Amino acid sequence: MKYYRFKQEGRMNCDVRVFATRDLYNQIEKTALKQLFNAASLPGVVGVIGLPDIHQGYGLPIGGVMCSSLKKGVISPGAVGFDINCGVRLLVAGLRLEDIIDKLDDIMSGLKNEIPAGLGVNSTLTFTDQQFERVVEEGLPFLITRLGYGQTIDIAACEENGHLKGADLTGVSKKAINRGKKQLGTLGSGNHFLEIQVIDKVYNHNSGLEEGQISIMIHTGSRGFGHQIAEDYINIAKKRAKKYNFDFPTKNLASFPINSPEGEDYYRAMACAANFAFANRQILTHFVRQVINHFIPGTFITVYYDLAHNICKKEIHQINGKKKALLVHRKGATKLSPDGIALVPGSMGTDSYIVRPKNQEALKAAFESVSHGAGRKMGRRQARKKLSYREHLKSLGEVRVTSATNDNLLDESPLAYKDISEVIRSLKETGLAEPVVRLKPLAVLKG
DNA sequence: ATGTTC
């Protein structure tokens, strides 16, 4: 286990641990570290960690985890971020590379036709007010058993069974609901993608997966719905700072006491956005099943796992050797599944991994968290300026890219992201995780 | 990330 420990001092309420080797540590921005110290200074915060690839974010850095005491702590909309339950789902098909390779182009254009993608794009589906309310409050169990999008066996394969409890639409603005209702069943834009992959290396045979098998990865979140909820509550938190006599170390970490009316409202609204995102990935799964079965009838597609990158949840962890009930905020970080696996996606056109914990002590010290994927190396604007289309195409190699909009292609180029193998190496070196399976992209539908 | 800049 390898981490840097910053002892509690000044306004901090707890230590900060940053999982990194010396090399990695030297690459971390000062501003990202400062954000961790700020997080540790919020009332009732009892644990803050940074994962090896942290970089500056809004309030809390991407790759940051902040735990507050459920009794005395805060809940911070900024620490969850704007894309609530942005996350990744992995599907496994009963197909091998040779079964699909000749039909890949047809399947990709089928997916492009079926799945709305891009900024501000709306769904092809319509939901009544009541259906929408039940989907976001009850999550996958309702969507699957009552609306028919998938099979009940899919539910158990998702983090929290695809349903964050306590979701309640009453604290969600009309504006958020109106945006959300039109967007359930869409891919989105930016780094969101849908990718067909082949399993090209199995490090551990307990994974149940075989080399040459086909998988599909879906990366999307809660679209305008979660974004609006985040914006609404961040604004409220900034305004209420006085009421609760909070002197936030930075505005962007504005928070509520967990047990305040506003704090409870945010949790219930955040849970709605989390359920929306689980449902969104489930509906896209339904489209994937339809399209692949259209071209290759009889194909069985299972959900391998589905996890969140940006969320806060009530969990039990050890603090100073004692079990404590915490509210764990993860931003650009994921929790290991009950089976002890996590998905670590690469950028568009690069490898992804399934990982498992390497060192149990590190796992506990990190509140069972690992990195969420290859972070950005260049900002969006910087990527557009610095990269040429030719370099970008070359970096994609054999990977076929279908873009919904052909917009901002360079923003999401593999060249604008860190090398995923470096992220995996850093997880190994810090003892957080090791690879179980490597997935190689064949074709990607870019959002 | 996002009907694209508190």
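On a predicted model such as this, the values are computed, not experimentally measured, just so you know. The figures that follow rest on heavy atoms only: side chains count, while hydrogens, waters and symmetry mates do not.
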Worksheet item: With a 3.5 Å cut-off and no angle check, do the side chains of A:Ser371 and A:Asp53 form a donor-acceptor pair?
Response: yes
Worksheet item: Salt bridge or not for A:Lys440 and A:Asp200, using N-O below 4.0 Å?
Response: no
Fill in: d(CZ, A:Arg380; P, B:dT5) in whole Å
11 Å
Practice prompt. To the nearest Å, give me how far apart CZ (A:Phe82) and C1' (B:dC6) are.
Written response: 10 Å
Response to the item:
Here the distance between atom C1' of B:dC6 and atom CG of A:Asn252, to the nearest Å, is 9 Å
Worksheet item: How long is the line joining CD of A:Gln183 and C1' of B:dT2, in whole Å?
Response: 9 Å
Fill in: Pairwise side-chain contact, A:Tyr417 with A:Glu412, heavy-atom cut-off 4.5 Å (strictly under)
yes
Worksheet item: How is A:Glu231 classified with respect to the nucleic acid when contacts are heavy atoms under 4.0 Å: base, sugar-phosphate, or nothing?
Response: nothing
Item to complete: Give the rounded distance in Å between these two atoms: CG of A:Leu119 and P of B:dT5.
Response: 10 Å
Item to complete: Classify the ring geometry between A:Phe256 and A:Tyr233 as parallel (under 30°), tilted (30 to 60°) or perpendicular (over 60°).
Response: perpendicular
Worksheet item: Looking for any heavy atom pair under 4.0 Å, which part of the strands does A:Gly221 touch: base, sugar-phosphate only, or nothing?
Response: nothing
Discussion item. What is the separation between atom CG on A:Asn235 and atom C1' on B:dT2, rounded to the nearest whole Å?
Written reply: 14 Å
Practice prompt. Take atom CZ of A:Arg381 and atom C1' of B:dT5, then tell me their distance rounded to the nearest Å.
Written response: 10 Å
